[in-house]
**Student:** 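Sharing a structure with you now.
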Amino acid sequence: MGVDLRQVVAGVLTLTMFVMLGNMIKRDHFDSLQEKLPGGTEDTNFENAKFDATHVTKNLGLWKGDEDDLKPCWIKPSEVDVEQTEGFIIFALTNGPEYHISQIADAVIVARNLGATLVIPDIRGSQPGDKWNFEDIYDVDVFMKSMEGVVRVVRNLPAHISTRNIAAVKVPNRVTEDYIAEHVEPIYRMKGSIRLATYFPSINMRKAGEKGDTDSVACLAMFGSLDLQPEMHELVDSMVERLRTLSRKSDGQFIAVDLRVQMLDKKGCQGNDNDGEKSCYNAQEIAVFLRKIGFEKDTTVYLTESRWDSSSLDSLKDLFPKTYTKETIMPADKKTKFLDSQDSEFEKLIDFYISSQSDVFVPAISGLFYANVVGKRIGSGKTQILVPADISGSSASASNFLSPYVSKKNHFAYSCYC
């Protein structure tokens with residue numbers, strides 16, 4: 001009986017592949033175990049560190065919440081349901097992406113209730129003179145298409161309308177129909193057009209009691225209208241991909257921590273909240289929190305702090321050596337425009353969208369950034385959002401620190417996704 005040489009060659013190749021695969025598995029398995037053995041650098045920070053052979057399995061629960069995949073469930077309202085008027089609503093986006101989401105929603109709700117035409121906003125930074133066109137940051141075509149049949153939108157205010165005659169009107173975030181009828185509509189009817197500004201009396205992103213037309217409009221505006229313009233979108237995607245590449249030992253998963261050193265010295269971070277709990281945590285406190293709930297030293301951590309501050313951040317890097325800021329993971333050819341130009345608006349956008357895409361999000365600072373990142377994450381099923389706390393013992397379960405927005409399902413986004 002003859003021997004088929006092709007079968008022999010195929011058999012040898014198959015055997016070789018299995019040997020190579022076995023070596024790869026063995027190397028990765030023992031490399032990961034070796035790095036977790038006591039006696040390394042992590043023992044200098046945790047005296048009682050002990051190797052637990054089951055810890056790898058337990059850690060899988062750190063990365064993923066229990067949330068089922070959700071889909072948009074708002075009903076797009078029809079423009080024909082509203083009496084159309086001849087006036088215009090103009091406004092500006094200010095203070096960063098976490099504010100933009102809320103400002104857009106309020107402007108769309110006001111314009112729809114008044115039957116007015118919405119003018120595409122410009123974007124103002126925190127410094128005098130910082131100004132951008134909407135399309136410098138967001139995709140204007142996506143926004144206009146999302147508003148079709150909801151409100152009329154134009155790119156510019158018609159030339160025959162003077163901005164001098166437009167009255168300025170302030171509305172609270174999450175403005176209601178009753179507020180518009182009482183405080184906004186009389187001015188609009190008298191002046192014909194208004195300049196709108198949203199103020200934030202509180203950070204309230206909880207669900208409303210009754211769901212109505214206004215909620216559907218808000219859902220669409222907050223979660224279905226804003227998309228980054230292509231260059232910004234590509235930059236964020238490249239940075240997220242870089243972080244995933246750096247996270248090989250955790251299957252490409254990484255943590256995003258909203259920790260900005262300059263915010264820690266501000267009044268809102270001094271003392272405790274009304275419920276007695278802290279509202280801000282520094283780098284050392286975050287490092288200890290992450291270790292006590294089970295994250296290993298080779299976990300990749302992204303910080304929203306733009307540039308490394310050794311005096312403030314080294315304590316985090318001591319426990320998590322793979323901690324990065326924008327300056328270390330941004331492509332070199334993008335730094336001049338997006339990092340070195342002092343345009344903090346770009347940096348805030350990068351932080352907001354990376355925090356929205358990370359596998360775990362930890363808000364070291366409470367506030368609107370935290371609240372609106374949570375909303376974005378709920379919509380994409382990324383509900384592993386861990387609120388830090390001081391842990392008295394040596395360890396604790398991560399599930400104890402899940403954001404109440406998620407554990408109680410009381411975030412406004414749960415009105416929009418189901």
**Student:** Can you confirm whether more than 12 heavy atoms, excluding those of Glu86, are under 6.0 Å from its CD atom?
**Tutor:**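 Atom CD in Glu86 is not crowded, with 12 or fewer foreign heavy atoms closer than 6.0 Å.
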**Student:** Contact between Met239 and Pro331 at the side-chain level, heavy atoms closer than 4.5 Å - yes or no?
**Tutor:**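 A side-chain contact exists here, since the closest heavy-atom pair is under 4.5 Å.
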**Student:** Side-chain contact, heavy-atom cut-off 4.5 Å: Leu228 with Leu349?
**Tutor:**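 Leu228 vs Leu349: side chains touch.
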**Student:** Check the pair Val153 / Thr117 against side chain to side chain contact (heavy atoms under 4.5 Å, CB included), numbers first and verdict last.
**Tutor:** CA-CA 6 Å; Val153 180; Thr117 298; 5.9 Å; no
**Student:** Could you state the interatomic distance from CD (Gln357) to CZ (Phe352), rounded to the nearest 0.5 Å?
**Tutor:**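 Taking CD in Gln357 and CZ in Phe352, the distance rounds to 11.0 Å.
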**Student:** Is the distance between the ring centroids of Tyr405 and Tyr370 under 6.0 Å?
**Tutor:**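 Yes, the ring of Tyr370 comes within the 6.0 Å limit of the ring of Tyr405, centre to centre.
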**Student:** Sequence neighbours excluded, which residues qualify as side-chain contact (heavy atoms from CB on, under 4.5 Å) partners of Ala167?
**Tutor:**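 For Ala167 the side-chain contact (heavy atoms from CB on, under 4.5 Å) partners, ignoring immediate neighbours, are Ile187, Lys191.
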**Student:** Would a line drawn from the ring center of Phe320 to the ring center of Phe295 be shorter than 6.0 Å?
**Tutor:**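 That pair fails the under 6.0 Å test.
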**Student:** Between CG of Leu386 and CG of Leu62, what distance do you get to the nearest 0.5 Å?
**Tutor:**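 One gets 8.0 Å once the value is rounded to the nearest 0.5 Å.
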**Student:** Determine whether Lys348 and Pro97 make a side-chain contact, defined as any pair of heavy atoms from C-beta on separated by less than 4.5 Å.
**Tutor:**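 SC-SC contact between Lys348 and Pro97 confirmed.
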**Student:** Could you point out which residue of Val261, Leu303, Thr328 forms a side-chain contact (heavy atoms from CB on, under 4.5 Å) with Trp308?
**Tutor:**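 Exactly one pass, corresponding to Leu303.
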**Student:** Looking at Ala107 and Leu196, what are the two nearest heavy atoms and their distance?
**Tutor:**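 Ala107 and Leu196 have their closest heavy atoms at CA-CD2, 3.6 Å.
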**Student:** Measure centre to centre between the rings of Tyr138 and Phe143, then say whether the value is under 6.0 Å.
**Tutor:**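 Ring centroids of Tyr138 and Phe143 are no less than 6.0 Å from each other.
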**Student:** Sort out for me which residue in His100, Arg124, Lys131 forms a side-chain hydrogen bond (donor to acceptor under 3.5 Å, both in side chains) with Glu345.
**Tutor:**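 In the set His100, Arg124, Lys131, the residue that makes a side-chain hydrogen bond (donor to acceptor under 3.5 Å, both in side chains) with Glu345 is His100.
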**Student:** Are the side chain of Lys292 and the backbone of Ile391 linked by a donor-acceptor contact shorter than 3.5 Å?
**Tutor:**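 Flag set: sc Lys292 to bb Ile391 pair under 3.5 Å.
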**Student:** Excluding sequence neighbours, so at least two apart, what forms side-chain contact (heavy atoms from CB on, under 4.5 Å) with Ser315?
**Tutor:**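 Once residues adjacent in sequence are excluded, the partners of Ser315 under the side-chain contact (heavy atoms from CB on, under 4.5 Å) criterion are Ala283, Gln284.
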**Student:** When you measure from the side chain of Asp139 to the backbone of Asp141, do you find a donor-acceptor pair of N or O atoms at a distance under 3.5 Å?
**Tutor:**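 Such a contact is found between Asp139 side chain and Asp141 backbone.
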**Student:** Keeping the roles fixed (side chain from Lys249, backbone from Thr299), state whether a donor-acceptor pair exists under 3.5 Å.
**Tutor:**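 Flag not set: sc Lys249 to bb Thr299 has no pair under 3.5 Å.
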**Student:** Compare all side-chain heavy atoms of Phe401 with those of Pro388 and state whether any distance is below 4.5 angstrom.
**Tutor:**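 Phe401 does not reach Pro388 side chain to side chain.
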**Student:** Could you verify whether a donor N or O on one side chain and an acceptor N or O on the other, from Ser358 and Arg377, lie under 3.5 Å apart?
**Tutor:**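 A donor-acceptor contact under 3.5 Å links the two side chains.
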**Student:** For this output row, return yes or no: ring centroids of Phe254 and Tyr324 closer than 6.0 angstrom.
**Tutor:**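 Aromatic pair excluded; centres sit 6.0 Å or further apart.
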**Student:** Let me confirm one number: the CD-CG distance from Gln103 to Asn173, rounded to the nearest 0.5 Å.
**Tutor:**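 Those atoms lie 8.5 Å apart.
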**Student:** Do Leu114 and Ile194 have side-chain heavy atoms sitting under 4.5 Å apart?
**Tutor:**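 Yes; the side chains approach each other to less than 4.5 Å.
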**Student:** So, are Lys322 and Glu296 salt-bridged, with charged N and O less than 4.0 Å apart?
**Tutor:**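 No.
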**Student:** When Tyr302 is tested against each of Asp258, Val240, Ile329 for side-chain contact (heavy atoms from CB on, under 4.5 Å), which residue passes?
**Tutor:**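 The residue from Asp258, Val240, Ile329 that satisfies side-chain contact (heavy atoms from CB on, under 4.5 Å) with Tyr302 turns out to be Ile329.
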**Student:** Does Tyr414 reach the side chain of Leu70, with side-chain heavy atoms less than 4.5 Å apart?
**Tutor:**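 They are in contact (side-chain heavy atoms under 4.5 Å apart), so the answer is yes.
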**Student:** Between Tyr353 and Lys376, is there a side-chain heavy-atom distance shorter than 4.5 Å?
**Tutor:**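 With C-beta onward as the side chain, the pair touches.
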**Student:** Could you check whether any side-chain N or O of Thr323 sits under 3.5 Å from a backbone N or O of Lys317, counting only pairs where one atom can act as donor and the other as acceptor?
**Tutor:**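 Answer holds: no.
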**Student:** Kindly check if the number of other-residue, nucleotide or ligand heavy atoms within 6.0 Å of CD (Glu231) is above 12?
**Tutor:**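 Yes, CD of Glu231 has more than 12 neighbouring heavy atoms, counting only those of other groups under 6.0 Å.
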**Student:** At what distance, to the nearest 0.5 angstrom, does CG of Asn372 lie from CD of Glu98?
**Tutor:**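 One finds 7.5 Å between CG of Asn372 and CD of Glu98.
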**Student:** For Ile109, does its backbone N or O pair with a side-chain atom of Asn113 as donor and acceptor, under 3.5 Å?
**Tutor:**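 Side chain of Asn113 to backbone of Ile109: a pair is present.
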**Student:** I want to check a possible cation-pi pair here: Arg260 against Phe369, using under 6.0 Å from ring centre and within 45° of the ring axis as the test.
**Tutor:**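 The answer is yes, since Arg260 meets both limits relative to Phe369.
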**Student:** Less than 4.5 Å apart, any side-chain heavy atom of Asp215 and any of Phe412?
**Tutor:**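 Yes - at least one pair of side-chain heavy atoms lies under 4.5 Å apart.
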**Student:** Please walk me through it: do Val171 and His183 pass side chain to side chain contact (heavy atoms under 4.5 Å, CB included)?
**Tutor:** CA-CA 8 Å; Val171 298; His183 299 284; over 6 Å; no
**Student:** Can you tell me if Ser193 uses its side chain to pair, donor with acceptor, with the backbone of Phe88 under 3.5 Å?
**Tutor:**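 Side chain of Ser193 to backbone of Phe88: a pair is present.
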**Student:** Can you check whether Arg174's main-chain N or O pairs, donor with acceptor, with Asp106's side chain at less than 3.5 Å?
**Tutor:**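 Yes.
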**Student:** Are any side-chain N or O atoms of Lys382 and backbone N or O atoms of Val360, one a donor and one an acceptor, separated by less than 3.5 Å?
**Tutor:**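 Not confirmed, Lys382 side chain does not pair with Val360 backbone.
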**Student:** For the Cys pair Cys73 and Cys416, is the SG-SG distance shorter than 2.5 Å?
**Tutor:**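 Cysteines Cys73 and Cys416 do not qualify as a disulfide pair, their SG atoms being 2.5 Å or more apart.
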**Student:** Is it the case that the side chains of Ser225 and Ser146 hold a donor-acceptor pair, with the cut-off being a distance below 3.5 Å and no angle test?
**Tutor:**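 Per modelled atom types, Ser146 and Ser225 side chains form no pair under 3.5 Å.
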**Student:** Regarding Lys278 and the six-membered ring of Tyr281, is the cationic atom NZ or CZ under 6.0 Å from the ring centre and inside 45° of its axis?
**Tutor:**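 Yes, Lys278 lies over the aromatic ring of Tyr281.
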**Student:** For the side chain of Arg242 and the backbone of Asp237, is there at least one donor-acceptor N/O pair under 3.5 Å apart?
**Tutor:**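 No.
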**Student:** Sub-3.5 Å donor-acceptor pair from the side chain of Lys76 to the main-chain atoms of Met147, do we have one?
**Tutor:**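 Judged by distance alone, no pair lies under 3.5 Å.
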**Student:** For Asp122, is there an ion pair with Arg155 - N to carboxylate O distance below 4.0 angstrom?
**Tutor:**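 No.
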**Student:** Could you walk me through whether Glu305 and Gln262 pass the side chain to side chain contact (heavy atoms under 4.5 Å, CB included) check?
**Tutor:** CA-CA 9 Å; Glu305 177 65 29; Gln262 70 275 17; 3.3 Å; yes
**Student:** Carefully, step by step, assess Asn156 and Ile120 under the rule side chain to side chain contact (heavy atoms under 4.5 Å, CB included).
**Tutor:** CA-CA 7 Å; Asn156 299 291; Ile120 292 288; over 6 Å; no
